[in-house]
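Notes follow the structure.
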Amino acid sequence: MVVQQLISGLAMGSIYALVALGVVLLYKTSDVINFGYSEMSMVGAFVAATLIISLGLPYPLAFLGALLFGALLGLFVERFAVRPMHKAPHISVIIMTLALFMIINGTAGLIWGHEGRAFPYKLNKDPIDISGVVISWDSIVIFSVTLLFMLSLFLLFKYTLIGVAMRAAAQNKTAAVLMGISVNRVFSLTWAASTAMGIGGAILIAPIIFLEVNMMQEILIKGFAGAVLGGFTSLPGAVIGSLLLGVIESLAGGYISSDLKSTFAFSLLILVLCIKPTGILGGKAIKKV
Amino acid sequence: MLRIKDLDVFYGKIQVLEGVNLNIEEGKVVVLLGANGSGKSTILRAISGIVDNLKGDISFQGSRIDSMRPEAIVSLGIIHVPEGRQIFPELTVYENILIGSYARKDRKKINEELEKVYTYFPRLFERQKQVAGTLSGGEQQMLAIARGLMGKPRLLMLDEPSLGLAPKFVEEIFRIIERINSEGTTVLLVEQNAEMALSIADYGYVMEVGRVVFEGEKDVLHDSEALKIHYLGLKYIS
């Protein structure tokens, strides 16, 4: 029973982790918190569904297609909504992302309607039973894909010049410019990667919840919470915090009450932050100016 | 090599440079002296293309660079080692050095440069895997210079490399600057430590509140009353 709850908690936590990674990535490089992220991710899940239904693409191809769409959407938003505001205070940019939320949510509702529907792909394999612990294929896919995302991100940041440049730009923009790094290019890439990651999360969760225009909102809030729990400026922290949140939520749902699972998880979040305000792996809280 | 004509720079409505003319000959060490706030660093920032509001012209080897993007200026081999070192604290020493070569197209030659940089700064080689934020001030300055050298500078601009360093580090850094110059790199040096700077300079400019007030060969500057007056502000005392 405990193992069972742990596994489903980790699966949910993986989705939160993808979202948290996308949020923290963007925050680290450009100090922007993207409240439109849930809606940008949701659109990607609809794009994947459309690719499957209308074009008859197999699931993996539709997945990749939607990620590509996400990268382009990220580039577009950065170029036409964020970059023109480069002289505005960060808070204005953050409010702009709220506008993004409204615009995308409304437009998506107009295109795809407001009713929930099933995602047109479901793994119809029997769950694996390991001595009484049942692991669904959904969980396995979620784990593997999330792991793949994290691994790619790690390799990008650790072993490629552009990845190191992205980290450099996150730490000191002026010095990065003096190295010949184009900060605009770094921002574009970050938006592209971040959006693709959120869409990955949305497609993975879509077969479990319904495909619906508000589907990613609660997940974004959980992703934020996971990121804060782990320390908002640390990518590994975001992953650990999100997994932890998923597990706590699942255990609370299983042993206390499934109605109270979020209540319990978020109360714990507040408690942790009272004890360690910078989160589990967060460094000093430095206000950037 | 680099020529600045009638340069004005504004930060918002405040004018910080006024009619600055400057000329740097290839192969030389040129030093900018002057009190805090006299505009020395702003000249470097203007050359690097990171000031917003600038009038006048800056040309490098005959072509105008004053409206170029900072990335393009770096690609020309104009490398700026900023004041206060500005290393990337969370990257390793090696990554910091590597990122200095970001703008270079000749990626295959980077290892040669890396070896050369490590012979200048053996201490950095020993610490290449360490996170840069844990280095001492002197080591961070060395790292900042090493990172700059990876860009294969034709003109290396150093902003206050001795600031806040222990005398033995200052000595070491100046010896290295001398060596870099003797191997063919032109150097533009901003320094508070006039004595030390003039010991390696060929030519110098003295600045006061946004203007060049005096210029001359090293010996002229060294013996000059003008330097003492403007730089040390002695006219206000005596």
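Sequence lines set the chain letters: A, B, ... in the order given, protein chains first and strands last, and positions in each chain run from 1. Since the structure is predicted, the reported quantities are computational estimates derived from the model, not experimental observations.
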Requested in this report: Count the heavy atoms of every other residue, nucleotide or ligand shown that sit under 6.0 Å from CD of E183(B), and state whether that count exceeds 12.
Outcome: yes
Report task. Look at atom OH of Y94(B) and say whether more than 12 heavy atoms of other residues, nucleotides or ligands are closer to it than 6.0 Å. Result -> no
Query raised in the report: Is the count of non-hydrogen atoms from other residues, nucleotides or ligands lying under 6.0 Å from Q61(B) atom CD greater than 12?
Result: yes
Requested in this report: Would you sort out whether R185(A) and E71(B) count as a salt bridge (charged side-chain N to carboxylate O under 4.0 Å, His left out), showing the intermediate values?
Outcome: CA-CA 11 Å; R185(A) 187 144 163 248; E71(B) 304 92 274; over 6 Å; no
Query - Contact winner vs chain A - P89(B), P82(B), S48(B), heavy-atom pairs under 4.5 Å - result: P89(B)
Query raised in the report: Got more than 12 heavy atoms from elsewhere within 6.0 Å of CZ, F76(A)?
Result: no
Query raised in the report: More than 12 foreign heavy atoms under 6.0 Å from CD1 of I14(B): is that the case here?
Result: no
Report task. Taking all heavy atoms of V74(B) and all of L178(A), pick out the closest pair and write down the distance. Result -> CG2-O, 3.4 Å
Query raised in the report: In terms of heavy-atom proximity below 4.5 Å to chain A, should S75(B) be classed as side chain, backbone, both, or neither?
Result: neither
**Report entry** Contacting region of R104(B) [heavy-atom separation from chain A under 4.5 Å]
**Finding:** neither
Query - Atom of G180(A), atom of A103(B) and distance for their closest heavy-atom approach - result: CA-CB, 4.2 Å
Requested in this report: Any chance you could measure N96(B), atom CG, to Q171(A), atom CD, to the nearest 0.5 Å?
Outcome: 7.5 Å
Query raised in the report: So with a 6.0 Å cut-off around CD of Q130(B), is the heavy-atom count from everything else above 12?
Result: yes
Report task. Report, as yes or no, whether the 6.0 Å neighbourhood of atom CZ on F125(B) holds more than 12 heavy atoms from other residues, nucleotides or ligands. Result -> no
**Report entry** Nearest atoms (heavy-atom pairs only) where A168(A) meets I99(B)
**Finding:** CB-CG1, 4.3 Å
Query raised in the report: Looking at M179(A) and Y102(B), what are the two nearest heavy atoms and their distance?
Result: O-CB, 3.8 Å
Query raised in the report: What distance do N172(A) atom CG and E90(B) atom CD have between them, rounded to the nearest 0.5 Å?
Result: 11.0 Å
